[in-house]
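Remarks on the structure that follows.
Letters A, B, ... mirror the listed sequences (proteins, then strands); counts begin at 1. Owing to the predicted nature of the structure, the values given are computational and were not obtained by experimental measurement.
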There are 2 protein chains.
Amino acid sequence: MTEPLGGNLSRLRQLNTLAVVHALRRQSPLTLTEVAKAANLSRPATEEVLRDLEAQGWVAQVDPVAGSMGRPARRYRFRADAGHVLGVDIGGHTVRAIVADLDGELRHSERRSVSVAAGRAERLRVVDKVIAECLAGAGLTGADLWATTVATTGFVDADGRVVLSVGLPEWTGVHLGEHVSGRVSGPVLVENDCRLAALAETWRGVARYAEHVVYLLAGLRTGAGLVIDGRLHRGFARAAGEIGALPEMGWIRAQEHLRGWSGAPAGTDPDEVVALVFAAARDGDRGALAAVRRYVRDLSIGASALVLALDPQLVVLGGGFSRSADVLLEPFHRELEKRCVRTPEVLPSALGDDAVALGAVKHALDHLEQHIFDPGNGLAAPEPPQRP
Amino acid sequence: MTEPLGGNLSRLRQLNTLAVVHALRRQSPLTLTEVAKAANLSRPATEEVLRDLEAQGWVAQVDPVAGSMGRPARRYRFRADAGHVLGVDIGGHTVRAIVADLDGELRHSERRSVSVAAGRAERLRVVDKVIAECLAGAGLTGADLWATTVATTGFVDADGRVVLSVGLPEWTGVHLGEHVSGRVSGPVLVENDCRLAALAETWRGVARYAEHVVYLLAGLRTGAGLVIDGRLHRGFARAAGEIGALPEMGWIRAQEHLRGWSGAPAGTDPDEVVALVFAAARDGDRGALAAVRRYVRDLSIGASALVLALDPQLVVLGGGFSRSADVLLEPFHRELEKRCVRTPEVLPSALGDDAVALGAVKHALDHLEQHIFDPGNGLAAPEPPQRP
DNA sequence: CTACTAATGCTGGATAGTTTCAAAAGTATC
DNA sequence: GATACTTTTGAAACTATCCAGCATTAGTAG
């Protein structure tokens with residue numbers, strides 16, 4: 001519950017300003033009367049609010065549209081390009097970055113691959129490069145950013161330091177928050193990649209508008225991200241979702257069923273075997289099908305634990321293996337049904353490789369939402385948006 | 001995020017009224033100037049708001065206190081007795097009820113035992129009796145209630161019907177919401193007992209002010225209740241917390257280790273054995289200690305799953321066995337430490353047998369908080385509180 | 001009894017919002 | 001091309017709410 005702080009007349013103006021901004025952010029070219037109705041205000045009041053907002057650069061007029069009855073109305077839009085956010089996904093093989101405007105409209109994205117074996121310095125160099133290229137591609141500089149989220153594997157502390165990364169040993173200890181802060185303006189948030197992928201699904205993916213979501217990262221790693229009450233669940237010490245650490249959950253050994261498949265040519269890289277298993281299973285190979293079934297069984301133990309604990313509306317199957325959802329989904333759902341009191345819907349991720357970076361963008365936007373568009377503060381731009 | 005709805009001048013007054021009520025609810029006898037400061041308002045504005053509130057019966061004046069310098073100030077208090085809430089806990093052996101005022105101050109509580117084997121009708125009769133006695137003891141009638149929460153085992157649907165109760169077979173299908181609605185005014189909420197016990201701990205128990213809490217019901221049944229972001233987590237279909245249904249979690253077989261203890265005299269009721277085991281363990285009996293250790297190990301598997309998934313600040317050990325926390329706590333904590341990435345604090349429940357009924361009271365109060373003291377509606381009493 | 005203190009009651013002024021109405025700028029019709 | 005109609009605009013009058021400041025009042029202290 002937020003503190004109900006009483007106020008001043010100017011506070012009312014603040015609230016009304018926010019209501020107008022909110023109305024325009026929901027649906028963009030809107031006439032004055034439409035805004036007034038949406039914000040539940042009278043026309044003159046709306047007019048004055050809009051005049052102020054226009055002077056401050058928050059909204060702009062759109063050319064009036066002809067062809068309708070009566071005097072043509074002025075139309076306003078929210079200037080989503082007043083500020084931008086950046087989402088960066090630092091993965092094992094790839095570094096991605098996406099720039100979006102305040103409406104979440106993507107402006108530019110960039111990616112570069114990096115060797116899994118790359119050291120800390122080299123990986124950070126790639127990060128810098130991708131950020132620079134992404135900003136340049138969008139025609140921006142770091143100073144135009146209002147918030148940035150960096151996604152990484154492993155545990156991250158509140159300061160933005162990677163406390164522990166299992167997949168990338170050299171990564172442990174890197175102070176990502178500090179590093180990226182030097183390159184962009186505005187706050188830099190650092191967050192676990194799996195959680196951000198979950199967030200992305202509730203934003204632009206298959207979990208849109210779901211309140212409670214369990215996101216499964218099914219890939220060479222297995223992980224989970226939780227969205228509870230529409231918000232990312234981090235936990236007290238940012239360690240939520242690590243249910244796979246419990247041996248009884250089956251996630252530690254799950255991939256072994258796939259990697260250990262005997263149908264692949266001898267000497268194949270174990271990681272490559274996985275793709276072959278799914279392909280073979282798709283073709284009806286009985287050994288491959290059995291391996292997939294064993295994998296799914298182990299995966300579903302941990303998943304069932306999460307489902308039973310949280311009773312989500314939806315389970316999203318993401319990660320690299322979600323490309324093979326056609327083979328996985330049906331047996332997975334059957335296993336859940338066996339174990340759960342109420343079986344939620346299961347859907348494969350629709351976002352592909354961009355999921356994490358998208359989630360990072362959304363996370364940055366959510367941060368702005370709380371600190372800039374929040375009742376309690378009123379509109380508070382990091383720097384007053386410059387006029388065109 | 002709530003819809004920011006713009007407003008009217010009177011909306012500002014609404015907000016200020018709420019701010020004043022909030023200030024008075026937090027700390028009660030307050031002078032006018034103190035209220036003004038707490039609500040961030042000027043003195044004249046506060047005065048007018050208080051005048052209105054007094055006329056409507058929401059606040060009352062307290063006798064001014066002498067002995068200080070200057071003209072003695074009027075002092076106001078929130079009239080917590082303007083309305084009341086009822087919490088009812090329908091357990092296997094006992095039915096409890098608590099009446100509290102709007103501040104959550106307990107006014108009266110009542111309990112009656114009922115046979116585990118009692119049928120539906122008989123149990124409902126006891127419920128009616130306890131409710132009637134509790135109201136009478138507080139000097140109230142059902143019409144004085146603004147909200148009621150009924151706690152029961154098993155799954156409850158949104159309508160207040162018990163969909164499935166494992167412990168009390170005859171209980172499945174009973175429409176508790178409807179039944180109790182006939183006896184009290186105001187909304188009747190029906191909720192799972194375990195969840196309410198968790199809520200109680202965050203209110204008056206050891207988990208005060210913790211944001212994320214896992215509550216374990218350790219007793220003849222094993223269950224869990226989750227508080228996430230300070231709010232009861234119910235899940236999409238009100239089936240959250242049922243992680244014990246998964247065999248891998250160990251909760252199904254956990255009690256067997258205690259019941260099957262060979263140290264009890266032959267023919268002892270299995271339920272009674274449990275108490276003996278704990279007593280023997282306390283005295284250092286090696287067999288009993290081993291049985292307890294085995295129980296704790298199984299209990300901690302499911303607990304670890306919840307902890308790993310949610311990363312709570314605190315685990316509360318409640319339920320009947322929490323009376324033997326001296327024997328359980330230390331090995332339990334050790335087991336958690338073995339399995340969890342970050343081990344939260346573990347504390348035994350401090351509320352005893354009243355936990356569930358207290359949680360029911362709190363749940364009813366929370367409901368009022370949302371519907372009566374919520375910005376968005378302004379103060380909306382179910383019926384305007386009558387003047388004294 | 002007088003000086004001091006802090007709350008009260010009141011008045012005027014400022015701000016934000018609403019309602020109302022004539023003027024303006026278009027389209028539709030003859 | 002003039003007239004009727006429709007909808008937005010701009011301005012004025014009015015109302016509700018809050019704030020600052022000041023004289024008044026009811027106590028304590030010496």
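The pair B:Arg75-B:Glu34 does not count as a salt bridge, with every side-chain nitrogen at least 4.0 angstrom from each carboxylate oxygen. A salt bridge is defined here as a Lys NZ or Arg NE, NH1 or NH2 lying under 4.0 Å from an Asp or Glu carboxylate O, and A:Arg25 with A:Glu369 meets this definition.
Between B:Arg51 atom CZ and C:dT8 atom P there is a gap of 12 Å when expressed in whole angstrom units. Here C:dA6 presents its C1' atom at 9 Å from CZ of B:Arg71, a figure rounded to the nearest Å. Protein atom CD of B:Gln61 is 15 Å distant from nucleotide atom P of C:dA7, rounded to whole Å. Across the protein-nucleic acid pair, A:Asn16 atom CG and C:dT15 atom C1' stand 13 Å apart, rounded to whole Å. Taking atom CG of residue A:Leu41 and atom C1' of nucleotide C:dT19, one finds them 14 Å apart after rounding to whole Å. Protein atom OH of B:Tyr76 is 10 Å distant from nucleotide atom C1' of C:dT8, rounded to whole Å. Look at CD on B:Glu34: it is 11 Å from P on C:dT8, rounded to the nearest Å.
Ranking C:dA24, C:dG9, C:dA7 by closeness to the B:Ala73 side chain, first place goes to C:dA7. Of the candidates C:dT18, C:dA7, C:dA16, C:dA16 carries the atom nearest the A:Leu12 side chain, counting heavy atoms from C-beta on. Taking only side-chain atoms of B:Leu32, from C-beta outward, the nucleotide of C:dA6, C:dG17, C:dT8 with the closest atom is C:dT8.
Residue B:Arg43 places a side-chain atom within donor-acceptor reach of the base of C:dG9, judged by atom type and a 3.5 Å distance cut-off alone.
Take the nearest nucleotide of DNA chain D for A:Arg74 and for B:Thr46: the residue whose nucleotide is more 5' is A:Arg74. For the pair A:Met69 and B:Glu48, both in contact range of DNA chain D, the more 5′-proximal nearest nucleotide belongs to A:Met69.
In this structure, A:Thr33 reaches the sugar-phosphate backbone alone: every heavy-atom distance under 4.0 Å involves primed, P, OP1 or OP2 atoms, never a base. When heavy atoms are screened at a 4.0 angstrom cut-off, B:Ser10 is found touching the sugar-phosphate backbone but no base atom. As judged by a 4.0 angstrom heavy-atom cut-off over every strand, A:Glu47 is placed among residues touching the sugar-phosphate backbone only. At the heavy-atom level, A:Pro72 lies under 4.0 Å from the strands shown only through sugar-phosphate atoms.
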Query raised in the report: Going through the distances and angles, do A:Glu211 and B:Arg234 end up as a salt bridge (Lys or Arg N to Asp or Glu O under 4.0 Å)?
Result: CA-CA 11 Å; A:Glu211 288 290 286; B:Arg234 255 198 289 263; over 6 Å; no
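Heavy atoms of other residues, nucleotides or ligands lying less than 6.0 angstrom from CD of A:Gln61 number more than 12.
Looking only at distances, a side-chain donor or acceptor of B:Ser185 sits under 3.5 Å from a matching main-chain atom of B:Leu145.
How far CD of A:Glu191 is from CG of A:Leu199: 9.0 Å, rounded to the nearest 0.5 Å. Expressed to the nearest 0.5 Å, how far CG of A:Leu232 lies from CG of A:Leu196 amounts to 6.0 Å.
Bracketed by its first and final contacts, the part of DNA chain D lying under 4.0 Å from non-hydrogen atoms of chain A reaches from D:dT6 to D:dC18 in 5' to 3' order.
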